[in-house]
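Note that this is a predicted model, so its numbers are computed, not measured. First the proteins, then the strands, lettered A, B, ... as listed; each starts at 1.
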Number of protein chains: 2
Amino acid sequence: MKRKPAKEYTTEQQLPRLGTSPYLKLMERTASSDTNLNSAHLGLIMLWLGDNILDMVDIDLAAFDITESKLDLLLLLSLHADQELVTPSSIADRLGIRRSSVTALLIWLEKKNLIVREPYAKDGRMTHVRISAEGSTLVNQILPTFWSTCASLVDELDKEEQAVFQKVLVKLNASVEERLGSGR
Amino acid sequence: MKRKPAKEYTTEQQLPRLGTSPYLKLMERTASSDTNLNSAHLGLIMLWLGDNILDMVDIDLAAFDITESKLDLLLLLSLHADQELVTPSSIADRLGIRRSSVTALLIWLEKKNLIVREPYAKDGRMTHVRISAEGSTLVNQILPTFWSTCASLVDELDKEEQAVFQKVLVKLNASVEERLGSGR
DNA sequence: TCCTATAGTTAGATTATCTAATTACATTGA
DNA sequence: TCAATGTAATTAGATAATCTAACTATAGGA
């Protein structure tokens, strides 16, 4: 979670906005010779943009008193609601986090009655996790806003730009998912 | 900071990879009628990609025992090293976080001798913050890897794709920065 | 039946945030 | 000139999301 300072008396003296160029100059000076500077520039802006987008979504979700991680988990449970067995372990595996981290999320969600944990009869060590009716209701309340925020991110692109952008994004995301070994 | 579970005995049973399509179906069902579904799809992938990219960079930086936030701050100090006065307040303002959060970062960085805090003679309430020689050295060690990671993110795009992508990214980032009121 | 593997949780830590309170200095106006 | 008020920085205490390591309980095989 990040960024949304309310007021806190705005400071008089500020740092000048430097823009991108000093970063590029620094890059020229410090990048290894086999690094393509254009690519690095592109990657850098992607990184910044990614950061900013996450912030925007966080701000949006804050209104629903939930975070992106938790919504992510609720969506996962939603989409696997037909599954006979959804365990903390498999969730951890999918989200790329530790089981104990999942436990922490589940405790929070269960406290709010958004999920249900049920002992799994066929194997006493396991627990089946599912989204509750209340959880589904919340997700359905959140999603319209969430999609509209997603859409607003790329609103100002014209159709042609969107088309190329889409192709590129899908490609990049696939390769990054592969590199990380994660993926939906 | 996120994701890089070491081993923790991989689970036998796993959740099936669903891919994007169930998300899109869900979107069709739950998006408000005035939300453009293509845009929302695009935004969603951008969000996922942004998340994944942050993870990648975090993993990279972990080798240097520093996080993105802290590198960000060190870079900021680097680029404003000529400035007479760089205060915690102005840093907070620029990073879009609270002064107390900056204090926490500074304490950590100072403990590692990466920055120096000096009382500001012209106004006893203020503190001038600058990067130390050691800090600069570290930054110079990190940056080659950092730039190469940035570059690797978009490596597989051909020149044409890169060109369009660049144009689009710059545009989007500008608008998101404006919406958030942040920006470098 | 005993040993070991696995699932889940708990305990305790770290990082990055926040708000509210505190401390110290600066400015201003009666 | 000094008391009230404003501002800068820090501290105290909280929450969120993560981690590792240790623990508990169950399962399953030799």
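- The residue B:T103 sits close to a base: some heavy atom pair falls under 4.0 Å.
- One cannot find a donor-acceptor pair under 3.5 Å joining the base of C:dT17 and the side-chain atoms of B:S69.
- With hydrogens and angles ignored, no donor-acceptor pair closer than 3.5 Å exists between the side chain of B:S89 and the base of D:dT7.
- At whole-Å resolution of the value, CE in A:M126 and C1' in D:dT24 are 16 Å apart.
- The main-chain N or O of A:A174 is never found under 3.5 Å from a side-chain atom of A:E177 such that the two would form a donor-acceptor pair.
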Let me check something: any side-chain donor-acceptor pairs from residues 102-110 of chain B under 3.5 Å, sequence neighbours excluded? List them with distances.
{"unit_1": "B:T103", "atom_1": "OG1", "unit_2": "B:R99", "atom_2": "O", "d": "3.1"}
{"unit_1": "B:E110", "atom_1": "OE1", "unit_2": "B:R117", "atom_2": "NE", "d": "3.4"}
{"unit_1": "B:E110", "atom_1": "OE1", "unit_2": "B:R117", "atom_2": "NH2", "d": "3.0"}

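- The nearest whole Å value for the distance from the CG atom in A:D55 to the C1' atom in C:dC18 is 14 Å.
- Here C:dC18 presents its C1' atom at 13 Å from CG of A:D58, a figure rounded to the nearest Å.
- Going from atom CD of B:E118 over to atom C1' of D:dA9 covers 16 Å, rounded to whole Å.
- Following rounding to the nearest Å, A:R99 (CZ) and D:dA21 (P) show an atom-to-atom distance of 13 Å.
- With the nearest nucleotide of DNA chain D identified for both B:I107 and A:W108, B:I107 has the one nearer the 5' end.
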With 3.5 Å as the limit, what N/O pairs link the protein to nucleotides 26-30 of chain D?
{"unit_1": "D:dA27", "atom_1": "OP1", "unit_2": "A:G124", "atom_2": "N", "d": "2.7"}
{"unit_1": "D:dA27", "atom_1": "O4'", "unit_2": "A:R125", "atom_2": "NE", "d": "3.4"}

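- Hydrophobic clustering, with ILVMFWY side chains joined whenever heavy atoms are under 4.5 angstrom apart, groups A:V164 together with B:V170.
- Within the nucleic acid shown, A:T127 comes within 4.0 Å of sugar-phosphate atoms alone, with no base atom in reach, counting heavy atoms only.
- Sequence neighbours left out, not one pair with a member in residues 17-42 of chain B passes salt bridge (charged side-chain N to carboxylate O under 4.0 Å, His left out).
- Look at CG on B:D65: it is 13 Å from P on C:dT14, rounded to the nearest Å.
- Contacts classified as side-chain hydrogen bond (donor to acceptor under 3.5 Å, both in side chains) and involving residues 131-147 of chain B (residues at least two apart or in different chains) are given here: A:T30-B:W147.
- The side chain to side chain donor-acceptor pair (under 3.5 Å) search around B:S152 returns A:R179, not counting sequence neighbours.
- OP1 or OP2 of D:dA17 has at least one side-chain nitrogen or oxygen of A:T67 nearer than 4.0 Å.
- Distance CD (A:E68) to P (D:dT15): 22 Å, rounded to an integer number of Å.
- Under 4.0 angstrom from either OP1 or OP2 of C:dG8 there lies no side-chain N or O belonging to A:R98.
- Proximity of B:S101 to the phosphate of C:dC18: a side-chain N or O atom is located under 4.0 Å from OP1 or OP2.
- Atom CG of B:L54 is separated from atom C1' of D:dA17 by 14 Å (rounded to the nearest Å).
- By the salt bridge (Lys or Arg N to Asp or Glu O under 4.0 Å) test, B:D123 pairs with B:R125, sequence neighbours left out.
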